[in-house]
Amino acid sequence: MPSDSYFFAQPHFLRIAGLNRLEVISLLDKADSYVEQSRRRQKTSDRLQGLTQINLFFEPSTRTQSSFEIAGKRLGLDVINMPIGSSSVSKGETLLDTAVTLNAMHPDLLVVRHGASGAAELLSQKVDCAVINAGDGTHEHPTQALLDALAIRRTLGDLDGLRVAICGDIAHSRVARSNVALLNLLNVEVRLCGPPTLLPSDADRWGAEVFHNMDEAVADCDVVMVLRLQSERMDSAAIPSKREYFRFYGLDRNRLSHAKPGALVMHPGPMNRGVEIASDIADDLSISLVTKQVEMGVAVRMAVLDMLATARNEAI
Ligand code: CP
């Protein structure tokens with residue numbers, strides 16, 4: 001069981017931007033200890049017994065929602081998944097009315113995914129419990145960045161001085177924003193790469209070097225992180241065709257050969273095989289961290305739930 005000598009005193013977990021290095025390292029250290037708990041036969045503890053967690057996902061999710069549910073249950077929380085499709089949202093109830101209604105039932109932790117950037121922050125101003133951002137529009141996905149960093153740290157050791165290329169649909173990616181912010185805190189050199197139509201106009205101010213040529217972007221990198229084309233967030237065709245996109249921006253063996261020998265490959269999922277990544281790379285466990293990222297997701301979310309519940313308890 002981890003000690004409580006970690007430093008994280010935030011009331012909510014809404015974004016990586018604004019956190020400091022000590023807070024991030026504390027979360028990673030705590031998550032590290034929870035990896036072992038998840039590998040045991042007996043996986044649950046009573047650490048947060050008696051507290052209630054509500055998962056409120058307005059956008060589809062496989063990894064994030066299920067890992068938050070598993071994380072809460074492994075800490076002894078009572079976990080409720082709100083089925084949005086059959087909730088009163090379908091009768092026109094607003095996000096805020098939904099949150100205020102759930103708040104009246106005295107949850108301790110509210111995990112929110114929503115298509116609007118800033119939705120989690122808005123809710124945090126209306127409820128009494130701790131709010132966790134599980135992805136808000138194109139803004140941030142802070143637990144994804146934490147789990148990505150933990151997966152790298154457990155594979156390569158210290159992140160200090162590593163070079164990481166984040167490639168693909170940067171413009172619509174909350175994962176990219178959270179990762180750049182977190183990797184900058186850990187002294188990682190970050191590169192962003194994608195076609196001009198899929199790079200935000202302010203990308204050069206994110207704290208990363210911007211590339212349009214993927215071979216150049218991955219050159220001498222320790223890690224290549226590939227992102228999904230988020231067609232659901234595009235209002236016009238940003239690429240001529242998926243086939244052409246793969247030709248210029250898909251990660252295959254030939255392209256990966258420009259990176260450092262043994263360079264790691266990451267993808268937050270869900271993957272579009274043959275669009276942004278070749279299957280043989282995604283499935284090569286000697287270089288692909290894709291399933292390790294998923295495993296780290298449970299541990300990271302246990303750490304975030306624990307840190308918030310502990311900080312909240314100490315503040316009362
Ligand atoms: N990486 C991620 O957020 O995946 P899900 O959409 O499946 O939660």
Side-chain angles (χ1 to χ4, degrees), residues 13-16 27-28 31 38 53-74 79-85 109-120 131-152 154 164 166-183 194 198 223-234 251 264-273 275-277 281-283 288-305:
F13 191 65
L14 303 174
R15 62 183 83 80
I16 297 295
L27 284 164
L28 293 176
S38 288
Q53 168 190 337
I54 300 181
N55 294 337
L56 195 54
F57 278 63
F58 290 86
E59 283 191 329
S61 168
T62 296
R63 282 147 282 266
T64 313
Q65 181 164 357
S66 56
S67 61
F68 264 116
E69 179 176 358
I70 290 169
K73 287 178 173 169
R74 287 193 180 156
V79 184
I80 288 92
N81 286 307
M82 270 296 298
I84 293 296
L109 297 140
L110 186 59
V111 181
V112 183
R113 169 171 286 190
H114 198 279
S117 301
V131 174
I132 301 169
N133 181 6
D136 62 329
T138 59
H139 174 230
E140 280 229 29
H141 192 352
T143 55
Q144 179 71 45
L146 277 178
L147 75 86
D148 289 339
L150 187 62
I152 298 172
R154 287 181 66 98
V164 175
I166 304 176
C167 306
D169 181 359
I170 310 291
H172 302 99
S173 177
R174 51 199 180 203
V175 174
R177 279 171 180 74
S178 291
N179 260 300
V180 173
L182 190 145
L183 293 172
L198 293 177
V223 179
V224 181
M225 189 182 294
V226 193
L227 303 176
R228 180 175 68 88
L229 277 180
Q230 300 199 29
S231 312
E232 73 276 20
R233 298 192 205 283
M234 296 178 194
L251 188 66
L264 301 173
V265 175
M266 303 179 76
H267 194 305
M271 290 186 284
N272 290 316
R273 293 167 182 266
V275 178
E276 69 260 0
I277 190 166
I281 293 210
D283 298 334
S288 171
L289 294 188
V290 173
T291 51
K292 190 169 195 168
Q293 288 171 265
V294 176
E295 183 190 10
M296 296 306 116
V298 175
V300 153
R301 285 157 186 146
M302 288 173 80
V304 170
L305 292 167

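Counting starts at 1 for both ligands and their atoms, following the listed order. Start at 1 with the first residue, then count along the sequence. Source: prediction; values computed, not measured.
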For this session: Kindly confirm or rule out an N or O of Gln65 lying under 3.5 angstrom from an N or O of ligand 1.
Result: no

Exercise. Do any nitrogen or oxygen atoms of Pro270 lie less than 3.5 angstrom from nitrogen or oxygen atoms of ligand 1?
Worked result: no

Exercise. Do Glu140 and Asn133 have side-chain N/O donor and acceptor atoms under 3.5 Å apart?
Worked result: no

Exercise. Which protein heavy atom lies closest to atom 4 (O) of ligand 1, and at what distance to 0.1 Å?
Worked result: Arg63 NE, 3.1 Å

For this session: Check ligand 1 against Gly269 and write out every atom of the ligand that is under 4.0 Å from a heavy-atom position of the residue.
Result: 1 (N), 2 (C), 4 (O)

For this session: May I ask whether Arg113 places a heavy atom under 4.0 Å from ligand 1?
Result: yes

Problem set entry | Thr62 neighbourhood, listing ligand 1 atoms whose heavy-atom distance to it stays under 4.0 Å | 5 (P), 7 (O), 8 (O)

Exercise. If only atom types and distance count, is the side chain of Asp169 paired as donor or acceptor with the main-chain N or O of Gln230 below 3.5 Å?
Worked result: yes

Exercise. Should His141 and Thr143 count as side-chain neighbours, where that means a heavy-atom distance under 4.5 Å?
Worked result: yes

For this session: Would you confirm whether Ser178, through its side chain, and Val175, through its main-chain N or O, come within 3.5 Å as a donor-acceptor pair?
Result: no

For this session: Decide, yes or no, whether a salt bridge links Asp283 with Arg273 under the criterion of side-chain N to carboxylate O below 4.0 Å.
Result: yes

Exercise. Considering only heavy atoms of Gln144, which atoms of ligand 1 have at least one such atom less than 4.0 Å away?
Worked result: 1 (N), 2 (C)

Exercise. Is Asp136 reaching over with its side chain to a backbone N or O of His114, donor-acceptor style, under 3.5 angstrom?
Worked result: no

Exercise. Can Arg228 and His267 be counted as having a side-chain donor-acceptor contact under 3.5 angstrom?
Worked result: no

Exercise. Quick one: which ligand 1 atoms are inside 4.0 Å of a heavy atom on Thr64?
Worked result: 2 (C), 3 (O), 4 (O), 5 (P), 8 (O)

Problem set entry | Proximity to ligand 1 by part of His141, non-hydrogen separation under 4.0 Å | side chain

